2 protein chains.
Amino acid sequence: MKHEKGSEIASLIREINATLNAQLREAFKENNLTPPQMMIMFMLSEEKKLKVSEISTKMNLANSTVSGIIDRLEKLGYVQRVRSEVDRRVVHVEPSKQAEELHKLFHDTVTQFLGTIVEDATDKQITEVMTGLNTLQKLLNREKQKD
Amino acid sequence: MKHEKGSEIASLIREINATLNAQLREAFKENNLTPPQMMIMFMLSEEKKLKVSEISTKMNLANSTVSGIIDRLEKLGYVQRVRSEVDRRVVHVEPSKQAEELHKLFHDTVTQFLGTIVEDATDKQITEVMTGLNTLQKLLNREKQKD
DNA sequence: AACTAATATTTCGCATACGAAGTATTATAT
DNA sequence: ATATAATACTTCGTATGCGAAATATTAGTT
């Protein structure tokens, strides 16, 4: 009986994640960008310049994954890689000049979508969700060492 | 300010999902199977026979995704496809005879892992998590029609 | 019965997503 | 100063994961 709750929780996470991704794809469809592409553009419109590893950390992705996404954004002409002068191992990702008008649009689209998640949710509901997610995160992250 | 909570929630979901997947990969590493492969073997050891579309529904995946996973499990000799006699459009996925000893092992491994999620979690914590996830799921799923 | 619609699955093209290995550069140790 | 280790990123191979289109079969219409 012990694994029943774990099973239910794992299943719910999978389902919620899938739903969220589907809605993100739908919301960004007009822009012809995928969710992670859009999120990176969003972050760049706020930060103006990010290291590949910073993007990986913020988005919880492996460097190799981000590198591939940047490849495609670069090919689309939306960003450019710039090697750091200070430390030439570092690659800065910057929004490109020629797509500057789009940046505001991307930013607004993402902001708007993120708003809809909690739109017409009560404060109580938001608290419930945040509490539950934080608790689950803690449960998952501690149980490294044992016996 | 409105999108801040939405952003935080989306980010937490991503992070939790990634953590869960990483732990699943780690737990199933010994078996040389990926998480979805392992989950399908788990389901088959309980049900003995499932339609492709049933697997898709239970796992919240597109049929095309499941079809690919079954391809690889079949290539490994762990399952076999059997066309239904009743409705020849339907494909039944069955555990293979030659891997029968492994099935119990797979089942135990999955059961054990699902147990660890809630292991040494208090009832209060489990309730918090369940409440939060259910609330979030409801929030995401209702906002189809509007204005 | 012939035609059309619906259903179940597969195939295809593409974009994540990961870890391992490779490359280049910088930091550290001897 | 040179060898070694650490860091940042890319490349490679493989497995999801999706939607759209293709295929095969069954159900429903006329």
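Keep in mind it's a predicted model, so treat the numbers as computed, not measured. Here is the naming used below: chain letters follow the sequence lines, and residue numbers restart at 1 for every chain.
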*Side chain of A:Thr34 - closest among C:dT16, D:dC18, C:dA8*: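 Nucleotide nearest to A:Thr34's side chain: C:dT16.
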*asked:* At 4.0 Å (heavy atoms only), tell me whether B:Asp87 reaches a base, stays on the sugar-phosphate, or touches nothing.
replied: sugar-phosphate
_Looking at A:Gln125, is its backbone amide N or carbonyl O close enough to the side chain of A:Thr122 to form a donor-acceptor pair, meaning the two atoms are under 3.5 Å apart?_
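Between the backbone of A:Gln125 and the side chain of A:Thr122 there is a qualifying donor-acceptor contact (under 3.5 Å).
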*Check for a donor-acceptor pair, side chain of A:Asn134 on one end and backbone N or O of A:Met130 on the other, with a separation under 3.5 Å.*
yes
Rounded to whole angstroms, how far apart are [atom1] on [X] and [atom2] on [N]?
{"X": "B:Asn31", "N": "D:dA15", "atom1": "CG", "atom2": "P", "answer": "16 Å"}
{"X": "A:Arg25", "N": "C:dT16", "atom1": "CZ", "atom2": "P", "answer": "11 Å"}
{"X": "B:Asn63", "N": "C:dT11", "atom1": "CG", "atom2": "C1'", "answer": "13 Å"}
{"X": "A:Leu24", "N": "D:dG17", "atom1": "CG", "atom2": "P", "answer": "17 Å"}
{"X": "A:Met39", "N": "C:dA17", "atom1": "CE", "atom2": "P", "answer": "12 Å"}
{"X": "A:Asn17", "N": "D:dG17", "atom1": "CG", "atom2": "P", "answer": "10 Å"}

*asked:* Between B:Arg88 and D:dT23, is there a contact of a side-chain N or O with OP1 or OP2 at under 4.0 Å?
replied: no
*Kindly say if B:Ser53 contacts the phosphate of C:dT9, meaning a side-chain N or O under 4.0 Å from OP1 or OP2.*
yes
[Y]/[X] salt bridge by N-O under 4.0 Å criterion:
{"X": "A:Asp108", "Y": "A:Lys104", "result": "yes"}
{"X": "B:Asp123", "Y": "A:Lys5", "result": "no"}
{"X": "A:Lys124", "Y": "A:Glu128", "result": "yes"}
{"X": "B:Arg81", "Y": "B:Glu74", "result": "yes"}

_Residues within residues 64-83 of chain A bordering DNA chain D, heavy-atom distance below 4.0 Å_ = A:Ser64, A:Ser67, A:Arg81
*asked:* For A:Glu15 and B:Gln137, which I'm curious about, is there any donor-acceptor pair between the side chains at under 3.5 Å?
replied: yes
*asked:* Closest-nucleotide mapping onto DNA chain D: is A:Val91 or B:Asn21 further toward the 5' terminus? I mean the 5' end.
replied: A:Val91
*Taking for each residue the nucleotide of DNA chain C with the nearest heavy atom, is it A:Arg89 or B:Arg14 whose nucleotide lies nearer the 5' end?*
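The residue mapped nearer the 5' terminus is B:Arg14.
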